Colleague: 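Handing you a structure now.
Just so it is clear, the model here is predicted, and its values are computed rather than measured.
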Amino acid sequence: MAVIRNIVILTGAGISAESGLKTFRAEDGLWEDHPVEEVATPEGFARDPALVQRFYDERRANIVAAEPNAAHQAIGRLDAQFGGELLIVTQNIDDLHERGGARRVHHMHGEGLSVWCRACDVRHRWTGTLGDGPACPACGEAAMRPDIVWFGEMPYDLDRIFAAVAQADLFVSIGTSGAVYPAAGLVAEANRGGARTLELNLERSAGSHLFDETRLGPASELVPQWVE
Ligand code: BV8
């Protein structure tokens with residue numbers, strides 16, 4: 001077995017499903033409640049900011065009320081024990097990885113508990129609501145938006161993420177449908193870099209054919225089994 005010095009983990013909504021947070025594409029998915037173009041695009045925000053603020057206010061309240069599950073905790077233990085390079089890239093906007101003990105986490109699509117002032121560009125940790133347009137604590141303007149990467153916006157840390165994937169010995173994808181790019185393109189980058197690729201998911205995803213191995217089941221069972 002080759003020595004594993006460098007691991008990249010990519011997670012999606014499926015890892016937080018057992019913590020009670022909705023995924024996007026299940027039948028009760030978030031997108032069904034609100035058409036994507038209404039709530040997860042800059043155009044939607046410009047058209048109806050109050051609707052979009054309410055949508056993320058609801059998500060923020062759900063995040064605060066949720067608890068990390070056995071999958072988040074297993075990754076937290078891995079982060080504490082693994083002496084090599086580890087990057088946990090999450091598409092999720094919840095903070096359950098951090099509350100599960102993980103430290104080396106990158107939120108490539110932003111964070112539900114972070115808000116961003118469009119007037120002074122300062123970001124703030126925020127667990128309350130934005131629906132009534134509160135003033136920015138830094139500049140006093142009522143110009144705060146969710147610190148979320150919407151469709152058509154540039155994901156965060158892409159250079160750092162692609163560089164880590166290119167160097168990875170092991171790339172593990174957990175709980176994602178592989179529906180959205182550039183996140184869904186990372187496994188192809190990992191294969192190009194010579195990494196071993198493993199998918200842990202409830203069902204086969206759009207990218208399953210690109211993985212060396214796919215294990216099917218709930219993350220709360222598969223992830224602790226893989227970490228131990
Ligand atoms: C961009 C934040 C320009 C919002 C999200 C080609 C290349 C580049 C871009 C594109 C391209 N083609 C199209 C595009 C545009 C677009 C895109 O990909 N569209 C899709 C619809 C075709 N991409 C973008 O706009 C991106 N930006 O392109 O900028 C650019 C790009 C590169 C370089 C230069 C410029 C930005 C996209 C980010 C949008 N924001 N989230 C919010 O959270 O409200 S996307 C959102 O959906 C997630 O963050 C995630 O990324 C994505 C997929 O969701 P998943 O997390 O996978 O969840 P899903 O419900 O789909 O699946 C859950 C899975 O879990 C399932 O497989 C299920 O079986 C499994 N599961 C369920 N329960 C469990 C489980 N598994 C284990 N255990 C369980 N218990």
Side-chain angles (χ1 to χ4, degrees), residues 7-34 36 39-40 53-82 86-115 125-130 146-150 155-156 172-180 183-184 186 198-205 207 214-228:
I7 303 175
V8 174
I9 297 172
L10 172 69
T11 65
I15 199 171
S16 298
E18 291 164 271
S19 297
L21 295 181
K22 282 185 184 176
T23 66
F24 293 96
R25 290 167 181 81
E27 63 294 330
D28 64 347
L30 286 164
W31 302 135
E32 275 68 29
D33 297 353
H34 303 279
V36 170
V39 292
Q53 300 284 32
R54 279 200 310 277
F55 175 62
Y56 286 97
D57 287 350
E58 182 187 324
R59 306 271 300 281
R60 199 172 300 114
N62 294 340
I63 291 167
V64 170
E67 291 297 328
N69 63 51
H72 298 110
Q73 287 157 350
I75 291 175
R77 287 195 298 279
L78 174 70
D79 194 344
Q81 292 160 4
F82 182 64
L86 171 67
L87 193 63
I88 300 154
V89 179
T90 187
Q91 302 169 88
N92 300 338
I93 66 171
D94 62 58
D95 64 340
L96 297 180
H97 277 303
E98 291 87 347
R99 285 198 270 145
R103 291 289 162 270
R104 296 178 266 188
V105 184
H106 277 265
H107 290 266
M108 67 183 295
H109 290 160
E111 296 183 68
L113 301 186
S114 172
V115 295
R125 179 167 166 74
W126 202 263
T127 54
T129 61
L130 282 185
D147 184 13
I148 299 289
V149 176
W150 285 325
Y156 291 140
V172 185
S173 175
I174 305 169
T176 182
S177 62
V180 169
L186 292 177
L198 169 65
E199 180 183 43
L200 308 178
N201 209 54
L202 195 61
E203 62 206 357
R204 288 185 67 78
S205 71
T214 290
R215 296 178 195 166
L216 299 181
S220 64
E221 289 172 21
L222 293 183
V223 180
Q225 283 165 7
W226 167 65
V227 166
E228 299 335 330

Colleague: Parallel, tilted or perpendicular: which describes the rings of Tyr56 and Trp150, with under 30° parallel and over 60° perpendicular?
Modeller: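 The arrangement is tilted - the two ring planes meet at 30° to 60°.
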
Colleague: Considering all heavy atoms of both residues, which atom of Ile88 and which atom of Ala102 are nearest to each other, and what is their separation?
Modeller: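 Closest approach of Ile88 to Ala102: CD1-CB, 3.7 Å.
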
Colleague: So how far is it from Ser173 OG to Leu198 CG, rounded to the nearest 0.5 Å?
Modeller: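 Reported value, rounded in 0.5 Å steps: 9.0 Å.
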
Colleague: Are Thr127 and Ile63 close enough that some pair of their side-chain heavy atoms sits under 4.5 Å apart?
Modeller: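 Side chain of Thr127 against side chain of Ile63, heavy atoms only: no contact under 4.5 Å found.
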
Colleague: Just by modelled atom types, is the Gly12 backbone N or O under 3.5 Å from a matching donor or acceptor in the Asn92 side chain?
Modeller: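 Yes: the side chain of Asn92 pairs with the backbone of Gly12.
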
Colleague: Tell me, please, which residues at least two apart from Arg54 pass side-chain contact (heavy atoms from CB on, under 4.5 Å).
Modeller: Ala50, Leu51

Colleague: Looking at Arg60 and Trp126, what are the two nearest heavy atoms and their distance?
Modeller: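 That closest heavy-atom pairing would be CD-O, 3.1 Å.
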
Colleague: Between Pro218 and Leu202, what is the shortest heavy-atom contact and its length?
Modeller: N-CD1, 3.8 Å

Colleague: For residues Arg204 and Leu216, report the shortest heavy-atom separation together with the two atoms involved.
Modeller: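 The pair with the smallest heavy-atom distance is N-CD2, 3.7 Å.
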
Colleague: So which heavy atom on Ala219 is nearest to which on Pro224, and how close?
Modeller: O-CD, 3.5 Å

Colleague: Looking at side-chain heavy atoms only, is the closest gap between Glu67 and Arg99 below 4.5 Å?
Modeller: yes

Colleague: Can you name the residues that form a salt bridge (charged side-chain N to carboxylate O under 4.0 Å, His left out) with Arg103, not counting sequence neighbours?
Modeller: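 Salt bridge (charged side-chain N to carboxylate O under 4.0 Å, His left out) list for Arg103, sorted by chain: empty.
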
Colleague: Can you tell if the side chain of His109 reaches within under 4.5 Å of the side chain of Ile148, non-hydrogen atoms only?
Modeller: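 They are not in side-chain contact.
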
Colleague: Listed by chain and number, what are the salt bridge (charged side-chain N to carboxylate O under 4.0 Å, His left out) partners of Glu203, not counting sequence neighbours?
Modeller: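 Expected list: none.
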
Colleague: Between His97 and Asp79, is any pair of side-chain heavy atoms under 4.5 Å apart?
Modeller: no

Colleague: Are any of the side-chain heavy atoms of Met108 and Val149 separated by less than 4.5 Å?
Modeller: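 They are not in contact (no side-chain heavy atoms under 4.5 Å apart), so the answer is no.
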
Colleague: Does the side chain of Asp147 reach to within under 4.5 Å of the side chain of Tyr156, using non-hydrogen atoms?
Modeller: yes

Colleague: Looking at every heavy atom in both Gln91 and Ala183, which two are closest together, and how far apart are they?
Modeller: OE1-CB, 3.3 Å

Colleague: With the side chain counted from C-beta on, respond yes when Ile15 and Ile75 share a heavy-atom pair under 4.5 Å apart, and no when they do not.
Modeller: yes

Colleague: Could you tell me whether the side chain of Ser19 and the main chain of Leu21 form a donor-acceptor pair under 3.5 Å?
Modeller: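 Between the backbone of Leu21 and the side chain of Ser19 there is no qualifying donor-acceptor contact (under 3.5 Å).
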
Colleague: What residues, two or more places apart in sequence or in another chain, satisfy salt bridge (charged side-chain N to carboxylate O under 4.0 Å, His left out) together with Arg77?
Modeller: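 Once residues adjacent in sequence are excluded, the partners of Arg77 under the salt bridge (charged side-chain N to carboxylate O under 4.0 Å, His left out) criterion are Glu228.
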
Colleague: Tell me if a side-chain donor or acceptor on Asn201 pairs with a main-chain N or O of Gly175 at a distance below 3.5 Å.
Modeller: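 Side chain of Asn201 to backbone of Gly175, a donor-acceptor pair under 3.5 Å: yes, one is there.
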
Colleague: So, using side chain to side chain donor-acceptor pair (under 3.5 Å) as the criterion, who are the partners of Arg215 when residues are at least two apart?
Modeller: Glu213

Colleague: Please check: side-chain N/O of Glu98 versus main-chain N/O of Val105, any donor-acceptor pairing under 3.5 Å?
Modeller: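 No, Glu98 side chain to Val105 backbone: no donor-acceptor pair under 3.5 Å.
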
Colleague: Roughly how far, to the nearest 0.5 Å, is the CD atom of Glu199 from the CG atom of Leu10?
Modeller: 10.0 Å

Colleague: Measure the shortest side-chain to side-chain distance between Asp57 and Leu130 over non-hydrogen atoms and say whether it is less than 4.5 angstrom.
Modeller: yes

Colleague: Who pairs with Asp94 by salt bridge (charged side-chain N to carboxylate O under 4.0 Å, His left out), at least two apart in sequence or on another chain?
Modeller: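 Listed in chain order: nothing, the list is empty.
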
Colleague: Starting from the C-alpha separation in whole Å, work towards a yes-or-no answer on side chain to side chain contact (heavy atoms under 4.5 Å, CB included) for Asp95 and Arg125.
Modeller: CA-CA 11 Å; Asp95 64 340; Arg125 179 167 166 74; 4.1 Å; yes

